[in-house]
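Only one structure is covered here, and it is reproduced in the block below.
Only heavy atoms go into these numbers, but all of them, side chains included; no hydrogens, no water, no symmetry mates. Naming: A, B, ... by sequence-line order, numbering from 1 per chain. Computed from a predicted structure; not experimentally measured.
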Amino acid sequence: MNILHQLQQRFALALADFTEDPTEFAAMIRPAADTRFGDFQANCCMPLGKRNGVNPRELAARLVDKLDVSDLCEPPEIAGPGFINLKLQDEFLQQQLQHMAADQRLGVEPAGEPRNIIVDFSSPNVAKPMHVGHLRSTVIGDSICRLLRFLGHNVTSDNHIGDWGTQFGMIIYGYKNFLNTDAYATDPVPELARLYRLVNQLSDYHAAKESLPAQRERLATRQAELQSQEATAPAGDKSAQKALKKLRSELEGLKEEIASQEKKVATIDADAELQQLANAHPNIARLARDETAKLHGGDQENRTLWNQFLPQCLQALQRVYDRLGIQFDLALGESYYDDMLGEVVGDLQNKGMAKESGGAQCVFIEGNEAPFIVQKTDGAYTYATTDLATIRYRAEKLNADEILYVVDARQGEHFKLLFATAEQWGYSRIKFAHVSFGTVMGQDRRPYKTRSGDTVGLESLLDEAVSRAADIVAANDDSKIDDAGNPTPELDAETRQRIAEIVGLGGIKYADLHHNRESDYVFDWDKMLATTGDTATYMQYAYARVCGILRKGDVTAEELQAIDGPIRTTEPAERALALRLCRFSEALEAAANDYRPNQLTQYLYDLAGDLTTFYANCPVLKGTDAATRENRLRLVELSGRVIAQGLDLLGIAVSDRM
RNA sequence: GCCCUCGUAGCUCAGCAGGAUAGAGCGUCGGUUUCCUAAACCGAAGGUCGUGGGUUCGAAUCCCGCCGAGGGUACCA
């Protein structure tokens, strides 16, 4: 039941007399821009009139003549240059509502042709704790899975974990040299993370020490260059000024880089213990890489260690996913594909796609300067190779029709090359999409970091959200008063905590999902947990009020759902709410079509707004006759179900009290 | 150098298979409680949609130039 589709179908029939491709023009029906124009508007007569050399208004008149929507709409009206305005008949709207209320799927029809869709998202490195950078992929990916699944597709969520890269060499090196046995015995994962950080820190130290002199020299020459150019560049010469500007920004970058490296060196130098370690391990970076190579080469000891570490790391990740309510159907990490990589390169070579260039095996895609490197000079494979092996596996073993990669926009070029290569390689029947997203920024407009400059750990982020939410929940509950003004808090400590979890995590997820995923967004605690405005809380609150009304009205959702007969919409606020409810499937489709959960958040926000406006204007329980009361209760109950279902598709939970 | 994003109200952002007077939240100002959760509702002020051109009956939306911000760019993923 999708009213927009029904209208489009009717228009397509009528349009058949006027054009070769009626669906193209039927698609130009959309919700009315202004409610005064009605509920929907058709914009097709202007372009079609132009194409056919007919006056658009005349064409509109003839089209309306031909059009049969008498069972759905009031008589269509022609306005302006040739818009056709449509207003749904109340009886039709009421029928739709009745059907929706009786339907477990809320009137959303499952896809006629379900597709096998693989959604590749989250994909953290197991060696390091998850951080804020993983948030978007995880939250957006999960929502897309839920949406597509609800729409009837066969969705496989796959966590393509980084479990085979250089970071494991670092952990192994750390384990062999710096292990704190007690700490490892107590809780292995933090100890492994510490080892990773330590080895990384020591490697960076040596790298910085080595490169700093050259960088300082470079800075000096650049500065001299800048000075001389500043002296000579003609003020009116635009390109000279532009070059100057570029040089200045390059200098800034260089200074920042040097400062950050100096900081790394200083940190170690300031700590006698760390300095001693650094001195004792001058070749740590190379040795760690060697450990990785040994692991890949099948070295017994390193394989044993890997087998020992991996389950523990995965378990730590699982804690975060459990808390976020996220499940994966598969978690086939990079290691899973390791023994297929040689074959992939061989096959690409046989097909003449991979060629040697500069010692590496490369696929060159026309129109791209950079090659797609599938095997490095040293013989090692790259993530390009793994990604190709993964595509082959998903195509052949999972029968994929569609593969979505929910990954950072910065990897756009990689995916462009990957998809082009895969298509040439024989997988052109699969629809590939890079569902890209922008960076999470701090208030300073730089990638979100802690005050000391470290990346923000995901678990601590979640903890903080819940703790902030707990304060808000407590404050709200404490402020509840009865008619006499006496405090009447109604939530016990345990309930408050449960609600804080729902509100806090919902706030984080919603803040992410309600932005257009393509744009960067600024992370702001106060906004995401604000008790006012376009937040998860607003919707969760609307839901809690629905439950509150049913409780006060002493009816259950089941009882209301069992009532048959149309749901009347006499008041304007009732009608607006009813129309919004009927657009649920439109909203889901829009969100799924281009993988934009923000289309759904927008819908839910509008719905929650319509619902609270309805509350303000239409009393449900008080001062109403029995029929009105029942009718409004059904409207409220249906709204609650749609909100809960919509939020669920965003991965956000609700509570029946707040 | 080449390539890719982005520039919309004081702030944060929607809108971008071209359509009627450009929307929302926050903030500001004003109003609403004998009434089902005021975590609410109603109203007002606030915009040369970076800029200059072009296509069109019609452009925030499509094309080109310019300005500004960010990102990527051969062996890290």
Side-chain angles (χ1 to χ4, degrees), chain A residues 24 27-28 30 32-34 36-37 41 43 46-47 49-50 56 79-83 85 123 125 162 164-167 238 242 334 357-362 367-378 380-384 386-387 407-414 416 436 438-439 441 445-447 472-473 475-477 479-480 483 490 503 514-516 518-522 524 526-527 530-535 537-538 540-542 544-553 594 598-599 601-602 605-606 609 612-613 615-624 632-633 636 657-658:
Chain A
E24 180 196 340
M28 295 179 193
R30 49 204 58 186
D34 188 318
R36 280 173 305 175
F37 302 140
Q41 65 184 58
N43 300 339
M46 284 83 78
K50 181 172 175 58
F83 295 104
N85 289 330
S123 313
N125 276 321
W164 200 239
T166 44
Q167 60 319 48
K238 260 168 89 182
K242 207 168 167 179
E334 290 168 348
S357 169
Q361 289 295 319
C362 303
N368 292 81
E369 212 176 306
F372 199 52
I373 297 175
V374 292
Q375 190 170 20
K376 299 193 282 186
T377 314
D378 65 3
Y381 302 108
T382 69
Y383 76 133
T386 315
D387 279 353
V407 180
D408 195 331
R410 284 178 294 211
Q411 293 194 41
E413 209 159 343
H414 167 73
K416 195 174 145 201
S436 74
T439 311
M441 308 294 243
R445 289 299 189 145
R446 320 268 320 163
I472 295 168
V473 169
N476 183 63
D477 196 38
S479 73
K480 288 174 186 164
D483 293 343
E490 52 184 30
V503 169
H514 104 281
H515 287 93
N516 183 330
E518 305 267 18
S519 42
D520 296 344
Y521 85 93
V522 176
D524 185 336
D526 295 330
K527 270 185 190 131
T531 55
T532 58
D534 187 2
T535 59
T537 317
Y538 181 78
Q540 290 168 323
Y541 177 62
R545 284 181 81 180
V546 164
C547 296
I549 288 186
L550 298 201
R551 272 196 304 273
K552 280 232 164 108
D594 37 10
N598 69 315
Q599 305 265 7
T601 64
Q602 181 66 52
Y605 181 65
D606 290 338
T612 46
T613 302
Y615 282 148
N617 293 294
C618 306
V620 178
L621 300 174
K622 299 194 175 171
T624 50
R632 288 185 177 164
L633 277 169
V636 164
R657 280 175 212 271
M658 279 178 74

Say we look at B/C16 and B/A77: how far apart would their P atoms be, to the nearest angstrom?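 My reading of the P atoms in B/C16 and B/A77 gives 38 Å.
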Could you give the [atom1]-to-[atom2] distance, from [X] to [N], as a whole number of Å?
X: A/Lys50; N: B/U56; atom1: NZ; atom2: P; value: 7 Å
X: A/Arg445; N: B/A69; atom1: CZ; atom2: C1'; value: 9 Å
X: A/Asp34; N: B/U21; atom1: CG; atom2: P; value: 10 Å

Syn or anti conformation of B/A17, syn meaning chi within 90° of 0: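 Syn for B/A17; the angle stays within 90° of 0.
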Using a cut-off of 4.0 Å on non-hydrogen atoms, how would the nucleic acid contact of A/Glu518 be classed: base, sugar-phosphate, or nothing?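 The answer is nothing, as A/Glu518 stays clear of every strand by at least 4.0 Å.
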side-chain N/O A/Asn476 vs B/A39 OP1/OP2, d < 4.0 Å: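 A/Asn476 to B/A39 OP1/OP2: side-chain N or O found under 4.0 Å.
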Any strand: nucleotide that pairs with B/U5 via Watson-Crick or wobble, under 3.5 Å: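 Answer to the pairing question: B/A69, which forms a Watson-Crick or G-U pair with B/U5.
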Close N or O pairs between protein and nucleotides 42-45 of chain B (under 3.5 Å):
from, atom 1, to, atom 2, distance (Å)
B/C42, OP1, A/Thr613, OG1, 3.3

Stacking between A/Phe37 and the base of B/A20 (centre distance under 5.5 Å, interplanar angle under 30°)?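 Stacking between A/Phe37 and B/A20: present.
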Please indicate yes or no: is the ring centre of A/Phe83 less than 5.5 Å from the centre of the six-membered base ring of B/A20, with the two planes inclined by under 30 degrees?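 So yes, this residue stacks on that base, both cut-offs being met.
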Would you indicate which nucleotide in B/U12, B/C13, B/C36 comes nearest to any side-chain atom of A/Val620?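 Looking only at heavy atoms from C-beta outward on A/Val620, the closest nucleotide is B/C36.
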